[in-house]
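Below is one structure, written out as structure tokens; the observations come after it.
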Amino acid sequence: MSAPVQNRNRNKEELIHSESQRMAEAGVAHLLKKLDSLVTMIKEESKLFERVKQEIKHLMDELPWMRKYVREADTKVMRYADDPEIHQIIDLTFETEDIVDDFTLKVQRHQRQKKDLGALRFFKIKFLKRFICRIRELHEFQNKIKAINNKSDKISTYRAKYPMGREHASTSLPVKRTPIVEELDVVGMENSIEQVTSLLVPNNSSSATTTSRRTESKVADLLLSIIRQVTKVNLNDSTVEWEEGALRMKLYNYLKQRQNKRYLIVLDDVWHTDTWKHLDPSFPDTNNNGSRILLTTRNLEVARLADPSHNNIHQLRLLDKRESWDLFQKKTFPLGGQCPPEFVEIGNKIVDKCRGLPLGIVVLGGLLLTKDRTLAAWSKVHDSVNWELTHGDQSYLCAGILAFSYYDMPYYLKPCFMTIGLFPEDHEIRASKLFDLWIAEDFVRREGEKTLEDTAEDYLEQLVHRSLIKVESWRYDGRVKACRIHDLLRDLANEKSEKLSNARRLSIHGDDQQASSIDGEAQYLSQFRSSRTRTLMCFKNRKMGNELFLKYICGNFKLLMVLDMSSITHNTTIPAEIRKLRHLKYFSCSAHDNTKILKCIGKLVNLQTLIIQGKCIYMPQIWRLHQLRRLEVQFMELYHKAPSNYHLGIHNLTNLHTLSISYGCWMKDVRWDELKMLRKLSITNYGYLRCTKESLDSIALVTSLQNLKLLFGGELPLVTQFARHTNLTKLHIRGPLPVFLFPPNLVKLVLSSINRPDIELMAALGNLKDLKFLSFLPSSCTGKTITFSSGKFPRLQSLEIAGLPNLRELIMEEGALTSLTHLVIRSCDLRKLPDRLGQMRLQELQLHNMHRQLTDGLKENVGENWDQIKHIPSVLIRT
């Protein structure tokens with residue numbers, strides 16, 4: 001050991017020894033010795049800090065070439081992605097990130113402690129102890145960074161292995177892109193559709209339809225879903241109260257009692273025979289009344305178990321050469337164009353590689369959409385696919401094609417794609433949630449003046465165009481609202497994530513019955529532990545919402561950036577230990593009336609997204625969270641439990657993009673004009689406070705708003721303050737309105753409980769030339785007639801009318817609603833549909849809980865008004 005190191009260790013030992021005897025020896029000489037030691041340590045710290053700076057500079061010099069190396073290998077030659085050098089570099093960057101983040105936490109702790117010590121901290125024992133701790137931690141940090149640099153120096157020998165050209169910045173596609181092939185635009189399925197239809201519809205009768213997607217993890221959850229859709233009864237989510245046997249009996253009895261009604265139940269993608277064995281007893285014999293159970297599966301044994309006669313099993317075939325080419329053209333030339341003659345030969349070679357697999361054709365077609373329309377670019381795709389299929393696993397052709405689609409992705413899309421794999425199979429994923437997750441993990445790059453949310457939306461659209469995710473629902477303005485991922489692509493995402501992320505993302509699915517006791521719970525929790533985990537998502541584990549689980553998370557996952565517990569239905573108590581998660585950027589959970597958000601939430605200064613589902617007592621120290629981009633919380637202001645100086649200080653959150661919150665007295669202190677980034681605002685009043693005109697006047701100062709919800713129980717003041725808001729395109733109002741004066745550029749409008757006469761209301765709405773989506777919810781109109789006048793609503797595409805029991809007549813004059821494609825009417829007293837409906841270009845009609853006179857007149861081929869709707873492609877009538 002060198003002399004300086006020996007001296008340093010000796011000094012530390014002397015100091016520690018002196019500290020242990022401080023209370024017994026209070027002499028001046030001892031104090032002088034202590035100060036002398038302190039001076040020595042300060043000098044030592046200065047030298048140590050300089051060495052740390054040098055090590056960090058060396059690392060910063062090395063990281064750019066490693067970043068370039070990974071990107072070049074990633075974009076030029078797909079097989080590089082599985083080379084050990086790539087994984088060594090990725091592991092090195094992860095290790096470095098962990099070391100830096102861990103040291104940052106310690107520095108932040110020292111800074112907080114330094115403030116607490118006061119002006120005379122140099123003469124306090126606590127300071128001396130913490131100073132020693134600081135030097136020790138700095139020394140450890142230097143050693144760790146030095147070890148990283150040694151690894152980096154070894155890896156740098158790989159630089160010459162592959163030629164690396166100049167790095168090109170990837171650019172994302174523009175926001176508005178070419179249309180996507182719709183799911184209804186199928187190829188090669190005509191005969192299958194006819195055969196399945198003949199099995200399902202043997203005669204004419206009324207029917208109720210429910211579609212239940214795959215939920216293999218727990219049969220009780222699937223039964224709950226079917227019961228809700230069939231009966232419209234919202235059962236308690238707790239399977240403790242509703243055991244599987246009770247649910248099975250409830251569904252059986254309900255269906256048995258409706259022998260005069262024909263039903264169709266769709267069970268999509270059932271994998272296991274055990275699942276069908278548990279579900280089968282829930283369904284009465286369907287032969288007597290023509291009801292049907294449609295079950296889809298890729299497991300032939302499941303199909304044979306469901307139909308022992310094998311007479312009702314239909315197996316889909318592969319596409320032939322002509323059908324494959326038709327599907328390829330529809331995907332690669334989505335605007336109805338034809339493949340240019342010079343691309344036909346290479347295009348057919350690419351299609352032949354798919355051997356009739358529709359998913360492979362769609363994925364490769366989507367990939368070609370991102371390439372230059374040149375023979376060289378298409379030939380490169382063909383050669384790359386050929387290489388992947390030659391060197392990959394020949395036992396599963398589709399896996400090779402999907403793997404190639406992953407390797408071809410730009411580097412910035414790959415982590416976004418892998419994040420989607422964290423969600424359970426067949427899970428509906430909201431686009432806005434994906435954006436928040438990607439931003440929290442720093443996957444989204446800043447691009448000019450665009451917001452991070454806009455760039456994240458670009459990423460999502462690129463994944464959609466590549467056919468790597470499927471759009472589940474669209475927003476009113478044509479943007480993606482929700483999506484799903486094919487289970488094969490989900491498997492691919494998880495496979496790549498496991499290879500590259502090294503337990504940095506953890507997703508917990510399924511039930512937690514094994515955690516039924518204290519010992520069992522401790523054992524259950526112990527399997528979920530990784531100091532490197534940055535993202536933790538929990539789904540359907542009902543006991544995981546308890547305080548013990550959260551305390552465990554806070555103690556063992558201190559580098560977490562994302563903690564998502566929003567899918568857990570169990571009441572959540574947020575422990576004070578949450579303050580330990582200093583790196584947390586995304587936090588979402590369920591909380592209920594007996595829950596309050598503790599002051600420690602204000603310690604999480606890096607939070608960008610905070611979502612609390614349910615009602616909380618109050619929200620102290622929210623104003624500290626300056627990085628917040630999304631805040632969604634409904635709380636009750638109980639001032640007998642809140643401090644007298646309690647305030648939210650929302651105006652301090654100048655980065656807020658989305659705010660969903662309950663109305664309260666806190667609004668009087670908010671300087672709304674400082675929220676210049678706010679795009680979406682939702683305020684709900686639970687009825688115990690009256691909304692004031694001054695409150696709305698102050699909200700109206702936020703001129704950047706694009707989406708506004710005002711959901712109130714009592715009467716709203718004059719809502720004319722927003723009439724000049726040209727950016728506002730979406731408005732939802734609930735509550736009586738004395739005067740109408742709507743923003744001029746509205747695209748979507750939802751009205752509820754405004755209680756206005758239909759003539760006055762329709763006159764105000766008729767001036768909205770850009771309106772595309774209009775929804776009348778309960779108590780929005782008091783009259784018996786709604787009239788759409790000629791020349792009005794020229795762009796309206798979707799119209800919903802629900803919960804108006806007095807409505808007897810719906811009039812659509814000639815020249816009105818010329819763009820209408822979707823019409824939904826629920827729980828109204830209409831006796832017939834508008835006469836003009838038969839000449840309109842409707843694509844979808846839904847009628848729910850309507851008068852029998854209306855539904856009888858629309859029965860297929862026999863109803864007197866059947867001609868009005870027979871041209872509509874999609875008709876759903878539920879009684």
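Throughout, residue positions are numbered sequentially from 1 according to the sequence presented.
With sequence neighbours left out, the side-chain contact (heavy atoms from CB on, under 4.5 Å) criterion links S819 to no other residue. With sequence neighbours left out, the side-chain hydrogen bond (donor to acceptor under 3.5 Å, both in side chains) criterion links R304 to E301. Annotation: side-chain hydrogen bond (donor to acceptor under 3.5 Å, both in side chains) contacts of K481 (sequence neighbours excluded): none. For A493, the side-chain contact (heavy atoms from CB on, under 4.5 Å) test picks out F417, with sequence neighbours left out. In this structure, D491 has no side-chain hydrogen bond (donor to acceptor under 3.5 Å, both in side chains) partners at least two apart in sequence or on a different chain. By the side-chain hydrogen bond (donor to acceptor under 3.5 Å, both in side chains) test, K371 pairs with D408, sequence neighbours left out. Checked against ring pair (Phe, Tyr, Trp, His ring centres under 6.0 Å), H278 has no partners two or more places apart in sequence or in another chain. Scanning for salt bridge (Lys or Arg N to Asp or Glu O under 4.0 Å) contacts around K433 gives D564, with sequence neighbours left out. In terms of the side-chain contact (heavy atoms from CB on, under 4.5 Å) criterion, residue partners of V824 (sequence neighbours excluded) are, by chain and number, E800, R826, Q846, H848. D280 is linked by a side-chain contact (heavy atoms from CB on, under 4.5 Å) to W276, counting only residues two or more places apart in sequence or in another chain.
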(message) Test side-chain contact (heavy atoms from CB on, under 4.5 Å) on R505 and V562; report intermediate values, then the result.
(response) CA-CA 9 Å; R505 301 186 187 96; V562 171; over 6 Å; no
(message) Under the criterion side-chain contact (heavy atoms from CB on, under 4.5 Å), I'd like the reasoning laid out for D352 against K321: C-alpha separation, chi angles, the key distance, then a yes or no.
(response) CA-CA 8 Å; D352 289 344; K321 192 173 182 65; 2.9 Å; yes
(request) Could you check F283 against L251 for side-chain contact (heavy atoms from CB on, under 4.5 Å), going step by step and ending with a plain yes or no? (result) CA-CA 7 Å; F283 308 120; L251 178 58; 3.8 Å; yes
(request) For the pair V363 and F404, evaluate side-chain contact (heavy atoms from CB on, under 4.5 Å) and give the outcome as yes or no after the intermediate values. (result) CA-CA 10 Å; V363 167; F404 169 67; over 6 Å; no
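Of all non-hydrogen atoms in L369 and K331, the two that sit nearest each other are CD1-O, 3.5 Å. Looking at every heavy atom in both residues, R355 comes nearest to L318 through O-CD1, 3.7 Å. Considering all non-hydrogen atoms of both residues, I872 and E844 come closest at CG2-N, 3.9 Å. The minimum heavy-atom distance linking V381 with L368 is given by the pair CG2-CD2, 3.8 Å. Closest approach of S405 to L367, counting heavy atoms only: CA-CD1, 3.9 Å. Residues Q329 and C339 approach most closely at OE1-N, 2.9 Å, considering heavy atoms.
Of the possible donor and acceptor atoms, none in the side chain of D487 sits under 3.5 Å from a partner among the backbone N and O of R490. Put simply, the side chain of R484 gets close to the backbone of D426: a donor and an acceptor are under 3.5 Å apart. Using a distance-only test at 3.5 Å, with no hydrogens or angles considered, a donor-acceptor pair links the side chain of T297 to the main chain of V270. Of the possible polar contacts, none joining the D307 side chain to the A303 backbone as a donor-acceptor pair under 3.5 Å is found. Side-chain atoms of H272 never come within 3.5 Å of backbone atoms of D274 as a donor-acceptor pair (strictly under, hydrogens ignored).
For the pair F333 and P340, the minimum side-chain heavy-atom distance is below 4.5 Å. Contact of the I361 side chain with the I401 side chain is not registered, since no non-hydrogen atoms from C-beta on lie closer than 4.5 Å. Using a 4.5 Å heavy-atom threshold, the side chains of L536 and C538 count as touching. Between L267 and I226 the shortest side-chain heavy-atom distance falls below 4.5 Å. Side-chain contact between L255 and I265 is present, with heavy atoms from C-beta onward closer than 4.5 Å. Proximity of L463 to M409: side-chain heavy atoms (C-beta onward) are separated by under 4.5 Å at one or more points. Using a 4.5 Å cut-off on side-chain heavy atoms (C-beta onward), H822 and Q797 make no contact. For the pair M537 and F423, the minimum side-chain heavy-atom distance is below 4.5 Å.
No side-chain N or O of T419 forms a donor-acceptor pair with one of E441 less than 3.5 Å apart. In the model, R466 has no side-chain atom that pairs as donor or acceptor with a side-chain atom of Y406 under 3.5 Å.
Here CG of L489 is found 11.0 Å from CG of N494. Values are rounded to the nearest 0.5 Å. The line from CG of L468 to CG of L460 is 11.0 Å long, rounded to the nearest 0.5 Å. One finds the OG atom of S497 at 13.5 Å from the NZ atom of K414 (value rounded to the nearest 0.5 Å). Note that OH of Y586 is 10.5 Å distant from OG1 of T535, once rounded to the nearest 0.5 Å. Of the inter-residue distances, the one linking I869 atom CD1 with E860 atom CD reads 8.5 Å to the nearest 0.5 angstrom. Residue C483 holds its SG atom at 10.5 Å from CH2 of W474, rounded to the nearest 0.5 Å.
For residues 335-345, the set of pairs meeting the salt bridge (Lys or Arg N to Asp or Glu O under 4.0 Å) definition, not counting sequence neighbours, comprises E345-K349. Among residue pairs with one or both ends in residues 335-374, those qualifying as ring-ring contact (aromatic ring centres under 6.0 Å, His included) are F343-W378; sequence neighbours excluded.
Salt bridge D326/R322: present, at least one basic N to carboxylate O contact under 4.0 Å.
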